[in-house]
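Whatever order the structure lists them in is the order used to number ligands and atoms, beginning at 1.
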Amino acid sequence: MATFVIVGAGLAGAKAAQTLREEGFDGEVVLIGAEEERPYERPPLSKGYLQGRSEREKIFVHPPYWYADQEIDLRLGVTVTGIALDAHEVALDDGSRMSYDKLLITTGASPRTLPGQAYTLRTVADSEALKAGFAAGGRVVIIGAGWIGLESAAAAREAGCEVTVVEPEPTPLHRVLGPELGEVFANVHRRHGVDLRLGVSAEEVEADGVRLGTGERLPADLVVAGVGAAPNVSLAREAGLEVGDGILTDAALRTSHPDVYAAGDVAESYNPLYGRRLRVEHWANALNGGPAAARSMLGQEVVYDRVPYFYTDQFDLGMEFSGDTTGYDQVVTRGEELEFIAYWLREGRVIAGMNVNVWDVVDDIQRLIRSGGPLPPPQD
Ligand SMILES: Cc1cc2nc3c(=O)[nH]c(=O)nc-3n(C[C@H](O)[C@H](O)[C@H](O)COP(=O)(O)OP(=O)(O)OC[C@H]3O[C@@H](n4cnc5c(N)ncnc54)[C@H](O)[C@@H]3O)c2cc1C
């Protein structure tokens, strides 16, 4: 009987295990996760769960009994410490080894940290610690105006904290959205009382605050570092798999070894739609990439060519973003101040779109991106 091992029990790993069973695989499925929790979704950790609005049980991918029902051997609190590609074995941190016929790596990413006492946000425990910290009120300084930083800022404000966000770029989300749309997020946060310090870097996290590059000290009771995440590639690299920014795969999510696959945040996969490899740290990529890798492991023909998709909720702004703005030369916005669709174009072709407080348009936007066509005239 064949054994398929999945390293990394997050969303991509859990969805891959589910797909193996749904597709009729009757061999052994082993899902190994370093965390003690069974697979869960991370988006609520910086939104409803952090704000105390969603129940703990709702964050999990599957109910607890599901794994036994599906005969999935879920090993929690276990870290894979090595992969022997030729022997088709993984080494576990309890000293044992396990053979596999096919291996899927879904080890995700880990938050970048800063020296000093700064909170990061990746796990349920991180979210619970932050929630407790925000509940105490006081002064919160958030380093980084990316998605995690901004969502944490919104949660801290809503908990009644004084919030300052420090960001070296001239607008929030500058690298992902560019200055035009970054400004929209800046305005939303300012309107809700967040003190945005843009174009300024944080030099040092000190015991009672943050020292800025300008020499100014921002006193803080709690500091959050929202300074990005790094893919967990060390296992793959040490095993001898090809690694770039993430684990390199083809469009079928196969790595440089024919029996090893990668998906989710850790994978840098060739996307035929873009004609290059992309590493996408978004929920939908874990949700769809895990199943695509599973089908590929089963020998099905897979071409993983999805348009990257992301969503966020911050204060009264809910939005969905599709595509990739790299190399854009024009932004067109249609709608009103907080109810609009923005399109990014390169040489007249739509490459990305963002709907803000406008719903049920993602399929249309993604179709436009896929078509590689121009933006049609507005409809009245
Ligand atoms: C707070 C937060 C909010 C987010 N909000 C959004 C959002 O609103 N919208 C959106 O699109 N995306 C969001 N994301 C991103 C999204 O959650 C990730 O893209 C997604 O979780 C990636 O899933 P994954 O399964 O690839 O990796 P992960 O969820 O990182 O899971 C990987 C798992 O592998 C385990 N692991 C690592 N190494 C080993 C090892 N050697 N042995 C065993 N186990 C190992 C890790 O402990 C981890 O549990 C958010 C992320 C965070 C952290």
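- When all heavy atoms are compared, the tightest approach of Ile6 to Ala16 is CD1-CB, 4.1 Å.
- Aromatic ring pairs are classed by plane angle as parallel below 30°, tilted from 30° to 60° and perpendicular above 60°; the pair His62 and Trp66 is parallel.
- In this structure, the protein non-hydrogen atom closest to atom 12 (N) of ligand 1 is Trp283 N, 3.1 Å.
- The shortest N or O to N or O distance between Val80 and ligand 1 is under 3.5 Å.
- For atom 39 (C) of ligand 1, the closest non-hydrogen atom on the protein side is Thr107 CG2, 3.7 Å.
- Residue Thr81 does not touch ligand 1, judged by heavy-atom distances below 4.0 Å.
- The atoms of ligand 1 that sit less than 4.0 Å from any heavy atom of Ile32 are 43 (C), 44 (N).
- Counting heavy atoms only, Lys47 comes closest to atom 5 (N) of ligand 1 of the residues Lys47, Lys15, Glu41, Arg42.
- Lys102 forms no cation-pi arrangement with Tyr261, by the criterion of a distance under 6.0 Å to the ring centre and an angle within 45° of the ring axis.
- Taking the six-membered ring where tryptophan is involved, the planes of Phe185 and Trp147 are perpendicular, since the angle between them exceeds 60° and thus also 30°.
- Using a 4.0 Å cut-off between heavy atoms, Glu281 contacts ligand 1 through its backbone alone, with no side-chain atom that close.
- An N or O contact shorter than 3.5 Å links Leu11 to ligand 1 by distance.
- Counting heavy atoms under 4.0 Å from ligand 1, residue Val266 does not touch it at all.
- Considering backbone and side-chain atoms alike, Ala284 places every N or O at 3.5 Å or more from each N or O of ligand 1.
- In terms of polar-atom proximity, defined here as any N/O pair under 3.5 Å, Ala12 does make such a contact with ligand 1.
- In terms of polar-atom proximity, defined here as any N/O pair under 3.5 Å, Tyr311 does make such a contact with ligand 1.
- By the criterion of a heavy-atom distance under 4.0 Å, the backbone of Thr106, and not its side chain, is placed next to ligand 1.
- The nearest non-hydrogen atom to atom 19 (O) of ligand 1, considering only Leu121, Thr120, Asp265, comes from Asp265.
- Contact annotation: for Ile148 versus ligand 1, heavy atoms closer than 4.0 Å belong to the side chain alone.
- Considering Asp364, Asp305, Asp363 in turn, Asp305 is the only one that fulfils the salt bridge (charged side-chain N to carboxylate O under 4.0 Å, His left out) rule with Arg370.
- To the nearest 0.5 Å, atoms CD1 (Ile143) and CD (Glu203) are separated by 10.5 Å.
- Taking distance alone, with nitrogen or oxygen atoms compared against 3.5 Å, Thr312 stays at or beyond that limit from ligand 1.
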